[in-house]
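Heavy-atom basis, side chains included; hydrogens, waters and symmetry copies ignored. Below, read A as the first sequence line, B as the second, and so on, with proteins coming before strands; counting in each chain starts at 1.
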Protein chains: 2
Amino acid sequence: MATLNDVAKKANVSKMTVSRVINHPEQVTDELKELVYEAMRELNYRPNAAAKALANNRTQIIKLLILEEMDTTEPYYMFLLTGIANELDKHAYSLQLLTHQNVQIGDSDGFIVCGMRQEDEELIKSLDKPTVLFGQNEMGIDFVDSNNEESMAKATEYAIEKGYEKIVYLGIDVDEPFARSREKGYTTVMSNHGKEPCIFNLENRSRYSAAFIRDNWDKFPANTLFLCASDRLGLGVIREIKEHDGDIPGDYGVIGHDGVFLDQIAYPNLTTLKQSITEMGAACARMVLKKVNENGKPQGDQLFETELKLGGTTR
Amino acid sequence: MATLNDVAKKANVSKMTVSRVINHPEQVTDELKELVYEAMRELNYRPNAAAKALANNRTQIIKLLILEEMDTTEPYYMFLLTGIANELDKHAYSLQLLTHQNVQIGDSDGFIVCGMRQEDEELIKSLDKPTVLFGQNEMGIDFVDSNNEESMAKATEYAIEKGYEKIVYLGIDVDEPFARSREKGYTTVMSNHGKEPCIFNLENRSRYSAAFIRDNWDKFPANTLFLCASDRLGLGVIREIKEHDGDIPGDYGVIGHDGVFLDQIAYPNLTTLKQSITEMGAACARMVLKKVNENGKPQGDQLFETELKLGGTTR
DNA sequence: AGTCATTCTGTTACCGATAACACCGCGATT
DNA sequence: AATCGCGGTGTTATCGGTAACAGAATGACT
């Protein structure tokens, strides 16, 4: 592998000039810069991450903390990981995965945390390096997330537009900002249209939403749409409506949220609010690297729109 | 962070002795070793991966190549990743994820490849670093996998034992070693019991297995068990049996394979052959690191048993 | 012309670890 | 007693980069 030194010799300059071309190009004349770029191209120069890390007193490592239990997660995180990893790669950074099992060993330049719940606040605050959350929070920590409120508002509008008379919201039974935002998107649009909100919160498992439908079937006349805070809940709803020989999407509509995998597993395919997980992962990575370079300077929040992806569970 | 030097001073020895205690402890007297260990403990010494990498002309990075498309994969890979990452962490290694999107940039000490198909042979052979495959193969490359044959044999035995008269095998329609092994496990046990094998291969999507059941429903009398090469296929089978008001698990049994996530999504929960993905991931990591340390010396294969996890789709 | 500031490039030392070599002391060998 | 061998330890140079400083060239100003 070609080194800085090789490039320097080829371009007839010192190592330092080459280093500067890479890190502080404004300090080098255009003429030399051209020579150096040329040499780098010819030698197919790739900086040595280890050397760079050592010299900068960095690790070139970002740790990804996944606080959620793995067996309740969808392939969701694979997309997130891909997005993060690709972006980190571009900056000669690599990834370390931390889960509940393994405590934090080794060092890193920064953290990306996901699956966070209120009770993890202390843990997060104890992190001594630039940190970015994947998922909105009220702790004042920079984050990336879907625009949960806007997302559910959009879905509610759509349901109304399609003429469903009763629109029932099935939320996830946790006291977290994302859950509140989704609910708010629903209630806001409902009241804008002078409709009565109808909200139930359930544990995020398909068997609970199925049981819920079973236990309350007589409360749901034809022309009802179930707006679910996750595809998982949506799945259980579909299952139980079918069990009652309900007509989807004629008499009953279902809309889920996430659009990662389960919406495709459902039959018929679930209409859902699809998140751009991979892009959000990349955004997390960019944000944390920027924060590292700017010595921990706050980066603010970044919200992504969801896409209403139509399946066979809505008219 | 404490360095080698700090430890050396504290223990009144040279850096080199400390380094030796870590890497070649047999070259140091027990007396000094104790002093050094003591100092390391007191200072909470953690080796600097970047420095180590630089000195050893290593990268301390293992690349994970995922050749499969992400949207057809289950959370499967998250478990694998967790296993790999935890193990790598222990050895101060970190991970880089490569997918179809991003070509290989940067350098690494070794590769773990998964989701490989025959057509990827050339790519794999072009890798210039120690490589381990996740998934059996006939290219002579070291691998880790479930014992596919044994796994299906076990399931077939179980189905027979439970008195299902007809046992239908639904395989995945690809010409890959893992698929052949699974089929072989089934056929071997069937012929041992003097029963006629009945095999169909389908694309690995639930809607295809559902369609298959629909189109051939009259061929499957009561007391039939469907042994599926994936939980995904199993899901479609369950769906369609229910559509025909078939009794599961009384008249129809279903067994899937993988046990990662979909088996729990299914209703009733799918009886499946659960793989120890996380452990296999760790095994991959150990194997590739060993291979790196031994300059690419072949490591052979490692097969893991699956666990027959009973759900509600078998008697 | 001489001084000075400015802009650019090169030199040196260092980040934290390791391999190769030098060296020291001791028992075994003659 | 002198030499040899060898296990055990320290010294030096090195991996590939970067910051801090030094030095050279240029133009502006008195």
Side-chain angles (χ1 to χ4, degrees), chain A residues 1-40 43-61 91-94 106-109 292-293 295, chain B residues 1-37 39-40 43-61 91-94 105-109 292-293 295:
Chain A
M1 214 36 157
T3 72
L4 254 201
N5 229 329
D6 301 333
V7 175
K9 279 185 201 146
K10 183 133 203 149
N12 278 317
V13 295
S14 72
K15 301 202 305 183
M16 211 43 226
T17 299
V18 179
S19 172
R20 271 192 276 255
V21 168
I22 296 170
N23 300 301
H24 311 283
E26 76 284 359
Q27 299 178 7
V28 182
T29 55
D30 291 347
E31 193 185 6
L32 281 190
K33 256 187 294 204
E34 260 322 305
L35 279 175
V36 171
Y37 284 137
E38 177 67 20
M40 293 201 301
L43 296 172
N44 188 29
Y45 171 73
R46 301 275 163 241
N48 180 315
K52 185 188 188 114
L54 184 58
N56 287 333
N57 195 22
R58 290 268 172 77
T59 60
Q60 301 294 118
I61 288 171
H91 301 87
Y93 261 80
S94 54
D107 202 9
S108 77
D109 295 343
V292 167
N293 283 329
N295 295 310
Chain B
M1 214 35 158
T3 72
L4 253 201
N5 229 329
D6 301 332
V7 175
K9 277 184 202 148
K10 183 132 203 149
N12 277 316
V13 295
S14 72
K15 301 200 309 182
M16 211 43 225
T17 300
V18 180
S19 172
R20 271 191 276 256
V21 168
I22 296 169
N23 300 300
H24 312 282
E26 75 285 358
Q27 298 178 7
V28 183
T29 56
D30 291 348
E31 195 185 4
L32 281 190
K33 255 187 293 203
E34 260 323 304
L35 280 175
V36 171
Y37 283 136
M40 295 201 302
L43 295 172
N44 188 29
Y45 170 72
R46 302 275 164 241
N48 180 314
K52 186 188 186 112
L54 184 57
N56 286 333
N57 194 22
R58 289 269 171 77
T59 60
Q60 300 295 118
I61 289 172
H91 300 88
Y93 261 79
S94 53
I105 14 184
D107 203 8
S108 78
D109 295 343
V292 167
N293 283 329
N295 295 311

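In this structure, CE on B:Met40 lies 11.0 Å from NZ on B:Lys33, to the nearest 0.5 angstrom. For the atom pair CG of A:Asn48 and CG of B:Asn57, the computed distance is 8.0 Å after rounding to the nearest 0.5 Å. Between A:Leu35 atom CG and A:Thr17 atom OG1 the span is 10.5 Å, to the nearest 0.5 Å. With rounding to the nearest 0.5 Å, the separation of CG in B:Asp109 from CG in B:Asn293 is 9.0 Å. In this structure, NZ in B:Lys52 is found 7.0 Å from CD1 in B:Ile22, a value given to the nearest 0.5 Å. Rounding to the nearest 0.5 Å places CZ of A:Arg20 at 6.5 Å from OG of A:Ser14.
You'll find that the side chain of A:Met16 is closest to C:dG10, out of C:dG10, D:dG17, D:dG16. For B:Asn56, taking side-chain heavy atoms from C-beta onward, the closest of the listed nucleotides C:dA19, C:dA20, C:dG16 is C:dA19. Listed nucleotides: D:dT18, D:dC15, C:dC15. Nearest to the side chain of B:Ala55: D:dC15. Distances were taken from every side-chain heavy atom of A:Arg20 (C-beta onward) to each of C:dG10, C:dG16, D:dT9; the shortest belongs to C:dG10. Here the nucleotide nearest the side chain of A:Leu54, chosen from D:dC15, D:dG17, C:dC15, is C:dC15.
On a pure distance criterion of 3.5 Å, no polar donor-acceptor pair joins the side chain of B:Lys15 and the base of C:dG16.
Atom pair B:Met1:CE and C:dG16:P shows a separation of 11 Å (rounding to whole Å applied). One atom, CG of A:Leu32, and another, P of C:dT7, lie 17 Å apart when rounded to the nearest Å. Atom CG in B:Leu4 sits roughly 15 Å away from atom C1' in D:dC15 (whole-Å rounding). Between the CD atom of B:Gln60 and the C1' atom of D:dC15 there is a distance of 13 Å, given to the nearest Å. D:dT18 atom P lies 6 Å from atom CD1 of A:Ile22, rounded to whole Å. A:Asn48 places its CG atom 14 Å from the C1' atom of C:dG16, with the value rounded to the nearest Å. The CG atom of A:Asn5 sits 12 Å away from the P atom of D:dT14 (whole-angstrom rounding). Atom P of nucleotide D:dG10 and atom CD of B:Gln27 are separated by 13 Å, given to the nearest angstrom.
OP1 or OP2 of C:dT9 lies within a sub-4.0 Å distance of a side-chain N or O belonging to A:Thr29. Checking the phosphate oxygens (OP1, OP2) of D:dA19, a side-chain nitrogen or oxygen of A:His24 falls inside 4.0 Å. Residue A:Thr17 places no side-chain N or O under 4.0 Å from the OP1 or OP2 atom of C:dT9. The side chain of A:Ser14 contributes an N or O atom lying less than 4.0 Å from OP1 or OP2 of C:dG10.
Along DNA chain C, the nucleotide nearest to B:Val18 and the one nearest to A:Ala51 differ in position, and the one closer to the 5' end is contacted by A:Ala51. Residue-to-nucleotide proximity on DNA chain D shows that, of B:Val28 and A:Ala2, the 5′-proximal contact is made by B:Val28.
No contact: A:Asn57 has no heavy atom under 4.0 Å from any strand.
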